[in-house]
2 protein chains.
Amino acid sequence: MARVGMTAERLTTAAAELADEVGFENVTVSALARRFGVKDASLYSHIRNAQELRVRVALLALAELADRAADAVAGRSGKQALVAFANAYRDYAKRHPGRYAAGQLRLDAETAAASAGRRHTEMTRAILRGYEVPESEQVHAVRLLHSAFHGYVSLERSGGFDHSGEIESSWDRLLDVLDTTLRHWPA
Amino acid sequence: MARVGMTAERLTTAAAELADEVGFENVTVSALARRFGVKDASLYSHIRNAQELRVRVALLALAELADRAADAVAGRSGKQALVAFANAYRDYAKRHPGRYAAGQLRLDAETAAASAGRRHTEMTRAILRGYEVPESEQVHAVRLLHSAFHGYVSLERSGGFDHSGEIESSWDRLLDVLDTTLRHWPA
DNA sequence: TAGGTTTCCTAGAGGCATTAGGCAAATGAC
DNA sequence: GTCATTTGCCTAATGCCTCTAGGAAACCTA
């Protein structure tokens, strides 16, 4: 039986692509096997189980998002950096809905610690350098920003904003308001 | 064959309870059938399919959350109302993780319009009465609040805050900051 | 080339979702 | 109470998904 050259990395990449096409929840060992023209059982030479596949896609998504955000933020500071980061974040979610969803997977502590997730935090801290948020408040400011971005994108994706339109202007206003809030961080 | 008295409502309630126990994604027709001591196929006398079951649990969760929030907000205004609403929201998510997850299900436009989702929006608008956010900006302010609350709860649930502690103080600061932001809503 | 390792397959088991038809309980009409 | 109709549960079956174990062939190394 000729080998098709599957590797865990190839499977992961294909699963990520499939996630964007059919939704992360519909990425299955069976669907992936069909994509490679092999039988389901063949995949277990490369991945332990379906959960490992999901975790791999999640890690890939977190890394991609961090790269995109880093590119967008490079050379910018203050409001420009904030807006660039936020737009990279939302843009990624819109272009790669399945990967974005994968990035929300709950990971075990060890895996999470090794993921690109901490790069997101570091980048956000770097953005805060353009503002005068006290050191003791930085963890709170980081969480406010991540909550607002993720919350907006999440509600947008689940249709929470479908009835009232103005989605783009709400996003722009959100960024304005957050910028102002950071510039006048309350004591 | 004696009847166990299943109805769509009873199935929905049981599914919601099961969601909180094992996670919304693990609520299946099979698991529910086991809970009632009947065979899987018997449930189809009462529900059309698994998707209908999920939608029903989603609607139940949205309604419960709206009731909780309404109770919490009653008789309060300004920052107190904001904090009460937000705390009801997060509290519900913590006590009923499975139901909360169900509430995020993407619904078709008709179902969404008939759901308790709009009550959330109305309540938030009522909270804004305690602030001087211009009418034209209210949709943006509502979305900022919902994004922040949902984002925080969501990231908390998926372990995004596990590495740095201070989760309660970050929440309290978030509410302070949002209150201040509303009081000085930027033009 | 020989031998060891790895990858693909088959077979199978168990879980999940759903349909169709049968039988008995429950309900409604007289 | 009797009878007809409706409804709810079951069985049987189909198809999809996940995963294990063992076998055959491809691949790699010495």
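Every chain is numbered from 1, with letters handed out A, B, ... down the list of sequences.
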Chemist: To the nearest angstrom, how far is Ile47(B) atom CD1 from dA17(C) atom C1'?
Modeler: 10 Å
Chemist: Counting only heavy atoms not in Arg118(A), do more than 12 sit closer than 6.0 Å to its CZ atom?
Modeler: no
Chemist: Send over the distance from Gln51(B) CD to dT18(C) C1', rounded to a whole Å.
Modeler: 15 Å
Chemist: Does Asp176(A) pair with Lys79(A) as a salt bridge, N-O distance under 4.0 Å?
Modeler: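 Counted as a salt bridge, because a side-chain N and a carboxylate O are separated by less than 4.0 Å.
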Chemist: Checking the side chain of Tyr92(B) only, and the main-chain atoms of Arg68(B) only, is there a donor and an acceptor separated by less than 3.5 Å?
Modeler: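 Not confirmed, Tyr92(B) side chain does not pair with Arg68(B) backbone.
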Chemist: Check this for me, if you would: do Arg54(A) and Glu25(A) make a salt bridge, where the nitrogen-to-carboxylate-oxygen distance has to be below 4.0 angstrom?
Modeler: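 The answer is no: the pair does not qualify as a salt bridge.
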Chemist: Could you check how far OH of Tyr44(B) sits from P of dT11(D), rounded to whole Å?
Modeler: 16 Å
Chemist: Show the distances under 3.5 angstrom between N or O atoms of the protein and N or O atoms of nucleotides 4-7 of chain D.
Modeler:
unit_1 : atom_1 : unit_2  : atom_2 : d
dT7(D) : O2     : Arg3(B) : NH2    : 2.3

Chemist: Using a strict cut-off of less than 4.0 Å between a Lys/Arg side-chain nitrogen and an Asp/Glu carboxylate oxygen, indicate whether Arg173(B) and Glu168(B) qualify as a salt bridge.
Modeler: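 No.
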Chemist: Rounded off to whole Å, could you give me the CG-to-P distance for the Leu43(A) and dT6(C) pair?
Modeler: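 Atom CG in Leu43(A) sits about 18 Å away from atom P in dT6(C).
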Chemist: Return the 5'-most residue of the pair Met1(B), Met6(A) with respect to DNA chain C, ranking by each residue's nearest nucleotide.
Modeler: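 Taking each residue's closest nucleotide, the earlier one in sequence belongs to Met6(A).
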Chemist: Is the shortest side-chain N to carboxylate O distance from Arg34(B) to Asp40(B) below 4.0 Å?
Modeler: no
Chemist: Going by the angle between their ring planes, with limits at 30° and 60°, are His120(B) and His146(B) parallel, tilted or perpendicular?
Modeler: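 Because their plane-to-plane angle is over 60°, the rings of His120(B) and His146(B) count as perpendicular.
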Chemist: Closer to the 5' end of DNA chain C via nearest nucleotide, is it Ala2(B) or Ala50(B)?
Modeler: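 Taking each residue's closest nucleotide, the earlier one in sequence belongs to Ala50(B).
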Chemist: Check the phosphate of dG8(D) against Ser42(B), side-chain N and O only, distance under 4.0 Å to OP1 or OP2. Yes or no?
Modeler: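 For dG8(D), neither OP1 nor OP2 has a side-chain N or O of Ser42(B) closer than 4.0 Å.
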Chemist: Does any residue of residues 11-41 of chain B have a heavy atom under 4.0 Å from DNA chain D, and if so, which ones, in number order?
Modeler: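 Heavy-atom cutoff 4.0 Å gives Val38(B), Lys39(B), Ala41(B).
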Chemist: Rounding to a whole Å, what distance do you find between Asn49(A):CG and dC17(D):P?
Modeler: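 One finds 17 Å between P of dC17(D) and CG of Asn49(A), rounded.
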Chemist: Is the terminal nitrogen or CZ of Arg143(A) (NZ for Lys, CZ for Arg) located under 6.0 angstrom from the six-membered ring centre of Phe161(B) and within 45° of that ring's axis?
Modeler: yes
Chemist: Is there a side-chain contact between Glu17(B) and Arg35(B) in this structure, where contact means two heavy atoms from C-beta onward sitting under 4.5 Å apart?
Modeler: yes
